[in-house]
Number of protein chains: 2
Amino acid sequence: MTMSNTGGRRKPPTIHDVAREAGVSRGTVSRVLNGGHYVSPTAQEAVNAAIRKTGYVVNRHARSLITGRSDSIGFLLTEPQEKLFEDPNFNVLLRCCTQALASHDIPLLLMLAGTEDERRRITRYITAGHVDGVLVVSSHSADPVAEELRQAGVPLVQCGKPMGRGSKVSYVAADDRDGARDMVRHLLSLGRRRIGVVTGPLDSPGGVDRLAGYKEVLTEAGVEIDERLIVSGDYSRASGEAGAERLLAQAPDMDAVFVASDLMAQGALTALRRAGRRVPEDVALGGFDDSTAATESTPALTTIRQPYDRISNEMVRVLLAQIGGEDPAAVILPTELVRRESA
Amino acid sequence: MTMSNTGGRRKPPTIHDVAREAGVSRGTVSRVLNGGHYVSPTAQEAVNAAIRKTGYVVNRHARSLITGRSDSIGFLLTEPQEKLFEDPNFNVLLRCCTQALASHDIPLLLMLAGTEDERRRITRYITAGHVDGVLVVSSHSADPVAEELRQAGVPLVQCGKPMGRGSKVSYVAADDRDGARDMVRHLLSLGRRRIGVVTGPLDSPGGVDRLAGYKEVLTEAGVEIDERLIVSGDYSRASGEAGAERLLAQAPDMDAVFVASDLMAQGALTALRRAGRRVPEDVALGGFDDSTAATESTPALTTIRQPYDRISNEMVRVLLAQIGGEDPAAVILPTELVRRESA
DNA sequence: TTCTCTACTGTGAACGCTCACAGAAGCATG
DNA sequence: CATGCTTCTGTGAGCGTTCACAGTAGAGAA
């Protein structure tokens with residue numbers, strides 16, 4: 001359609017070529033490129049035609065050199081390497097964020113900070129201004145990298161509530177407490193009363209809030225909180241399996257269990273099956289996340305849906321706003337109960 | 001340690017500041033930055049000290065503007081969005097490539113080309129020279145995007161053998177044929193003779209080669225090839241389940257099955273279990289990839305290990321060489337049989 | 001007319017770096 | 001002493017863009 005660069009690599013057209021072609025000045029072309037304010041319709045038209053004809057694409061390096069912006073943003077994952085991709089939530093988040101950024105024509109730089117060395121390298125890279133901002137994802141929200149970046153004045157937004165309540169850092173999170181409440185209410189509505197819970201890590205707000213929701217609903221319903229029905233995990237499949245095992249040992253009469261992530265719920269399913277408990281007949285099982293793990297299991301998991309697409313969009317929106325000079329913001333998004341087979 | 005950018009964002013030091021600090025010229029600093037040839041030890045030392053003292057980090061945009069290189073490379077995934085992350089192999093590959101690049105201090109730009117729109121946008125972005133080269137990953141190797149980029153003269157390396165035998169495109173792949181041979185030989189050594197196979201997509205060399213290995217070994221062993229023991233899938237879990245079902249219907253006496261990917265093998269496991277076949281007692285099951293799916297299943301999968309870490313390193317090495325002007329290259333890496341529980 | 005205001009356009013001057021080139025210094029060779 | 005060679009260093013130009021500024025033209029008001 002346009003003059004694409006077939007064959008060898010020739011010198012690409014510059015803004016100057018476009019200007020000459022359109023019979024205007026560089027400045028006018030630049031203005032068209034950047035929103036088109038204060039440009040006559042005639043010039044606008046001529047420039048666009050010239051751009052199409054020459055196949056011009058802006059040289060981002062030249063632009064960045066002068067604007068000081070890189071027009072790219074980083075996606076930072078701070079997890080030990082083994083766990084890095086076990087959790088399907090990371091994948092979904094990565095995919096959604098990439099797409100959300102793509103719609104703004106902003107490339108995403110993937111940054112994996114598993115080891116101490118990598119963290120140093122990446123911190124240096126980011127503080128050097130090679131990206132305009134950072135999307136931070138990590139399951140344990142007390143992240144020193146994020147804090148360091150924040151102090152260096154780098155715009156960033158975290159996925160999930162951060163630990164320190166005082167720190168003014170942007171974040172986007174699902175409503176953990178409310179989601180947990182919905183799930184436990186659902187289990188109660190099924191007639192279950194001996195409801196166990198495998199929590200997330202309790203050094204993270206997400207883990208704490210989901211446990212809080214659990215306790216609240218039980219208390220409101222007049223069901224006594226039994227500490228033997230509460231164990232904690234770290235969102236890994238293995239910890240879900242171990243957690244369910246411990247619960248079965250401590251409270252053999254358990255008739256339902258709320259597991260704070262689908263991946264852990266998968267593990268719990270294994271443990272329950274091994275113990276000869278039928279799901280959902282003997283023990284109703286509720287997960288959290290609605291990740292791919294939920295539909296892959298048999299039985300498919302009843303779970304709380306985290307709106308990852310909306311979370312990603314909001315993260316990008318908040319980050320872009322912050323890069324544009326706005327203040328840090330917190331966004332909490334509603335969850336939704338998804339009924340499948342396990343409860 | 002050094003003067004890090006604490007607090008607000010001040011103007012970062014330039015090469016000029018370093019030169020002044022070190023008492024040398026810009027040129028000398030630049031030479032130190034780029035390998036340090038033709039620089040006296042004294043100057044070398046002074047410059048390094050000045051860099052440490054000022055906290056200088058090169059401005060990549062200014063450098064790129066003049067060199068024409070972006071010093072970044074793209075990771076292109078051309079798959080429909082749903083499948084994008086279902087396959088754990090993609091995750092591993094992405095992780096390994098990111099790390100391989102990180103060791104060269106090269107950032108990775110993630111590019112997801114699921115829809116036609118995205119493909120156009122990304123092709124445009126790449127041909128505009130915003131990345132120096134591209135790592136291409138896709139399960140169906142007949143990829144129009146890759147071909148288009150290749151014709152535009154963009155350095156790229158594919159993961160897996162490409163379809164057209166004539167096209168001079170770099171690639172790195174595991175030895176599919178040999179891996180399949182190892183697995184089938186192993187199944188034979190277990191005393192199995194009615195060995196089924198669920199192949200990968202037969203419009204891709206990987207799928208074809210694994211099937212070829214299967215047939216070769218059986219023929220060499222004097223076992224007759226039975227077409228009822230051969231069905232094909234598309235590497236998805238669902239297709240593995242359907243494939244195993246079909247095999248059981250067509251050849252109920254099947255005593256082993258070689259499934260061309262671990263994800264499909266997971267599906268096959270479900271089908272076998274549903275049909276009441278014990279694995280490995282009644283039917284021995286062999287997978288391919290040694291992805292996370294292999295250890296997550298019960299029983300854990302005996303499989304053929306694809307050396308993803310080496311594949312990634314080679315992809316990066318070949319790509320960098322090609323960017324440096326060398327000719328396209330093909331690398332085939334050996335696989336390894338990993339015995340677990342399923343066979 | 002003259003002035004002001006708005007809408008638009010063109011022109012240097014950067015941005016921070018690398019590269020080519022010229023030149024200096026040191027040393028051996030003719 | 002001149003010449004060449006090698007090793008090292010500094011300087012000016014320029015990469016392609018944006019930005020600030022100056023300037024023009026036309027419309028409307030005084």
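Per chain, numbering begins at 1; letters A, B, ... match sequence-line order.
What separates CD of Gln44(B) from P of dT7(D) is a distance of 15 Å, to the nearest Å. One atom, CZ of Arg31(B), and another, C1' of dC8(D), lie 7 Å apart when rounded to the nearest Å. Computed from coordinates, the Ile66(B) CD1 to dC19(C) P distance equals 7 Å when rounded to whole Å. The distance from atom CZ of Arg69(B) to atom P of dC17(C) is 15 Å, rounded to the nearest whole Å. For the pair Tyr38(A) OH and dT24(D) P, the computed distance is 19 Å after rounding to whole Å. Going from atom CZ of Arg63(A) over to atom P of dG16(D) covers 15 Å, rounded to whole Å. Rounded to an integer number of Å, the gap from Lys11(A) NZ to dC15(D) C1' is 8 Å. Protein atom CG of Leu33(A) is 11 Å distant from nucleotide atom C1' of dT18(D), rounded to whole Å.
In this structure the side chain of Val154(A) never reaches within 4.5 angstrom of the side chain of Val131(A), judged on heavy atoms. Residues Leu135(B) and Leu76(B) are not in side-chain contact: their nearest non-hydrogen atoms beyond the backbone lie 4.5 Å or more apart. Counting heavy atoms from C-beta on, the side chains of Leu109(A) and Ile73(A) never come closer than 4.5 Å.
Contact check, Ser40(B) against dT9(D): a side-chain N or O comes under 4.0 Å of OP1 or OP2. Within the 4.0 Å cut-off from OP1 or OP2 of dT17(D), not a single side-chain nitrogen or oxygen of Thr67(A) is found. An OP1 or OP2 oxygen of dC15(C) is reached within less than 4.0 angstrom by no side-chain nitrogen or oxygen of Ser64(A). Listed pair Asn34(A) / dT18(D) meets the phosphate criterion, a side-chain N or O lying under 4.0 Å from OP1 or OP2.
Sequence order on DNA chain D of the closest nucleotides to Ser30(A) and Ser25(B) puts Ser25(B) first from the 5' end. Annotation: of the two residues near DNA chain D, His37(B) and Gly27(A), the 5′-most nearest-nucleotide partner is His37(B).
Residue-level contact check: Arg60(A) touches neither bases nor backbone, having no heavy atom under 4.0 Å from any strand.
Distances from the side chain of Ile15(B) to the nucleotides dT18(C), dT17(D), dC15(D) place dT18(C) closest.
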**Report entry** Full working for side chain to side chain contact (heavy atoms under 4.5 Å, CB included) between Tyr171(A) and Val331(A)
**Finding:** CA-CA 6 Å; Tyr171(A) 70 89; Val331(A) 178; over 6 Å; no
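In this model, no side-chain donor or acceptor of Arg26(B) finds a partner on the base of dT11(D) within 3.5 Å.
Here Asp105(A) pairs with Arg121(B) in a salt bridge; the nearest charged N to carboxylate O distance falls below 4.0 Å.
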